[in-house]
Amino acid sequence: MPQVRVRFAPSPTGVLHLGGARTALFNYLFARHTGGQFLLRIEDTDKERSTEAFTQAILEDMAWMGMRSDEEPVVQSSRLSAHREALQQLIDSGKVYKCYCTPEEREAARQKAEAEKTSYQYDRRCLGKPEQPGVPFVWRFQMPTEGETVVDDLVQGRVVTPNSELEDLVIARQDGSPLYNFVVVIDDAFMGITHVVRGKDHLSNTPKQVQIYRALGYPEPVFAHLPLILGLSKRLRSAGLGAYRDAGYLPSAVSNYIARLGWSHGDQEIFTEEELIEKFDLADVNRAEGALNLDKMAWLNQQHIQMTPPEQLAALLVPFLQKAGFPEMSLDHPRLLPAVATMRARASTLVEMAENCRFYFVDDDALEIDEAAKGKHLTQEACAHLRALADALASTTEDWTEAGIETAVRQFIAAQNLQLKHIAQPCRVALVGAPKGPGLYETMAVLGPASSVARLRLACSHHNP
RNA sequence: GGCCCCGUCGUCUAGCGGUUAGGACACUGGCCUUUCACGCCAGCGACACGGGUUCGAGUCCCGUCGGGGUCACCA
């Protein structure tokens, strides 16, 4: 089997959303899995809508996802002379003809067909017409009218289209510029694409393109049309990848999620990026379209957060902490790494984790305490215990480790004839400002003796001893 | 409307003629526990419908219904 060469061919008319990202990902995974090449082509020939800014944004999003092109991206607009050459080849071989119909004429015919509830197809009225010098024209490709075109699609199976359904399509505008269904064939052939893996919205274009491959004498690639993603329309769903990055999603989780949407490997839900490459196969791609489930994506993100080593997670979290009110935050902040370690199982996004970590980084006297929690847990009696605990801890700071703190606390409880449940929540509220959070001993270990003792005392200052 | 594709729990899916139709998210209950999570256990919940073929159909065929795509001098 010749080496696999696939491409992702976005048009820079918008950002990369989940659907496009999945098409790119399946191409990428297929290439990596087979040891082939993954290429990129920027389809920027729609000059009205294409922008350089979108091109850059798409490249950035793909880099974030870890997908890089194995060769310099091909820019479609730079290939105009090749397109013209191919057009000339078809003119020379008589496979195209000039069509002098005006857009208004076609529109009228189309509307008439619609009014009569019949289907419109160009009627070839210009085929064989004599030359009309000076009159503007477009080039139409002459499709076969007999027989059928068969596409053995790797995902969709055998798709048979009667050639009578194929319209003589326009392949070059009045100004001579070539159209999509024509250039895509030329460029894929030029790039040596062996497998065209794209969205199912291109399925009905495929037989037309196959005819153009044949007319040009190019080898036909294998096609694989991926099911579309349903309901990709509002808010986060329609957003570009950048929105997911900003919302605190890990690229590995996004890859995992969109890969599993339409593809599966038995019952496995969680895949590392390496596993995706190892296990991905176009044969396992579903034909039915699927809908986004943001809850499941959040769950997967949490799973990936838990799988990520704390060092790596800390680095990812820094920008989110900076945005969460700690502009000076850096990777060498002494509390960062241990804080992340305590929070790994407690956040489904980096935004949430940054928010939950705030209490670790605020000044002791700036810690805000939840009012409800204060009323419930920081009672006069509890505060008396906390003050005593603070005193006890202040004198036992030599072994300030999780184990050492636990020993000290348990000794205090025994000496005071208390139970842990009497002081645990008051203590947590004093340290964290809320009735939830990591284990008490690990929390104090991260805060250190000075902050821990200070917070216990500060939290009780509303009750005079 | 023509043509094409699709149809298993609410959602993502396993299944490839014989299964108590399995897993995951969400939801409910329980366990663990200093809280919240994590984790573990249990529950809820599906083969769109109708005909065939077959000893036997979620699996094969046809029809109906439903969903999607496409019918540009866009890509």
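All figures in this text were calculated on a predicted structure; none of them were measured in a lab. To find a chain, count down the sequence lines: A is the first, B the second, and so on, and within it residues start at 1.
Comment: A:Arg214 engages A:Glu220 in a salt bridge, judged by a side-chain N to carboxylate O separation of less than 4.0 angstrom. With respect to A:Asp168 and A:Arg124, a salt bridge is recorded, a charged nitrogen being found less than 4.0 Å from a carboxylate O.
Nucleic acid contact class of A:Arg49 (heavy atoms, under 4.0 Å, all strands): base. Nucleic acid contact for A:Glu269: base, since at least one base atom lies under 4.0 Å from a heavy atom of the residue. Heavy atoms of A:Leu440 sit under 4.0 angstrom from at least one base atom. Nucleic acid contact class of A:Gly262 (heavy atoms, under 4.0 Å, all strands): sugar-phosphate only. Residue contacts shown for A:Gln156 are limited to sugar-phosphate atoms, with no base heavy atom under 4.0 Å away. Base contact: A:Glu289 has a heavy atom under 4.0 Å from a base atom. Heavy atoms of A:Pro162 sit nowhere under 4.0 angstrom from any nucleic acid atom. Residue contacts for A:Gln303: at a heavy-atom cut-off of 4.0 Å it reaches the sugar-phosphate backbone alone, with no base atom in range. Residue contacts shown for A:Ser177 are absent, as no nucleic acid heavy atom lies under 4.0 Å away. In this structure, A:Asn205 reaches the bases: a heavy-atom distance under 4.0 Å links it to at least one base atom across the strands shown. Within the 4.0 angstrom heavy-atom criterion, only backbone atoms of the sugar-phosphate kind lie near A:Arg287; the bases stay farther away. When heavy atoms are screened at a 4.0 angstrom cut-off, A:Gly437 is found touching base atoms of the nucleic acid. If you check every strand for non-hydrogen atoms under 4.0 Å, A:Glu48 touches nothing. At a threshold of 4.0 angstrom between heavy atoms, the contacts of A:Gln268 with the nucleic acid are absent.
In terms of position along RNA chain B, the nucleotide closest to A:Trp299 lies nearer the 5' end than the nucleotide closest to the other residue of the pair A:Trp299 and A:Tyr441. Remark on RNA chain B: of its neighbouring residues A:Val170 and A:Trp263, the 5'-side contact belongs to A:Trp263, judged by nearest-heavy-atom nucleotide.
Remark: B:A14 base-pairs with no nucleotide in the shown strands. Criterion, Watson-Crick or G-U wobble with two distances under 3.5 Å. In this structure, B:U20 forms no base pair with any nucleotide, since neither Watson-Crick nor G-U wobble geometry is met with both distances under 3.5 Å. Nucleotide B:G2 forms a Watson-Crick or G-U wobble pair with B:U70, both donor-acceptor distances falling under 3.5 Å. Both distances falling under 3.5 Å, in either a Watson-Crick or a G-U wobble arrangement, place B:A42 opposite B:U28. When both distances must be under 3.5 Å, the Watson-Crick or G-U wobble mate of B:C9 does not exist.
For A:Asp175, the CG atom counts as densely surrounded, since its 6.0 Å shell holds more than 12 non-hydrogen atoms of other residues, nucleotides or ligands. Sparse packing is recorded around NZ of A:Lys436, with 12 or fewer heavy atoms of other residues, nucleotides or ligands lying under 6.0 Å away.
Looking at residues two or more places apart in sequence or on another chain, you find a ring pair (Phe, Tyr, Trp, His ring centres under 6.0 Å) between A:Phe280 and A:Phe26, A:Trp263. A:Asp46 pairs by the side chain to side chain contact (heavy atoms under 4.5 Å, CB included) definition with A:Glu48, A:Arg49, A:Ser50, not counting sequence neighbours.
Between the P atoms of B:G7 and B:C55, the separation comes to 27 Å (whole Å). Using C1' as the reference atom, B:G29 and B:G22 are 22 Å apart when rounded to the nearest Å. Comparing the same atom, P, in B:U59 and in B:C6 gives a spacing of 15 Å after rounding to whole Å. Of the P atoms belonging to B:G17 and B:C60, the separation is 8 Å, rounded to the nearest Å. Comparing B:G50 with B:G15, their C1' atoms sit 24 Å apart, to the nearest whole Å. Rounded to whole Å, the C1' atom of B:A46 lies 15 Å from the corresponding atom of B:A24. Across the P atoms, B:G1 and B:U28 are found 42 Å apart, a figure rounded to whole Å. Taking atom P on both nucleotides, B:A14 is separated from B:G23 by 15 Å, rounded to a whole Å.
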Checklist line | Derivation and outcome, ring-ring contact (aromatic ring centres under 6.0 Å, His included), residues A:His83 and A:Phe182 | finding: CA-CA 8 Å; A:His83 301 153; A:Phe182 183 48; 7.5 Å; no
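Aromatic ring orientation, A:Tyr249 versus A:Tyr244: perpendicular (interplanar angle above 60°, classes split at 30° and 60°).
A:Leu250 pairs in a side-chain contact (heavy atoms from CB on, under 4.5 Å) with only one of the listed residues (A:Leu300, A:Asn256, A:Leu316), which is A:Leu316.
Protein chain A contacts RNA chain B from B:G1 to B:A75, reading 5' to 3' and using non-hydrogen atoms of the protein with a distance under 4.0 Å.
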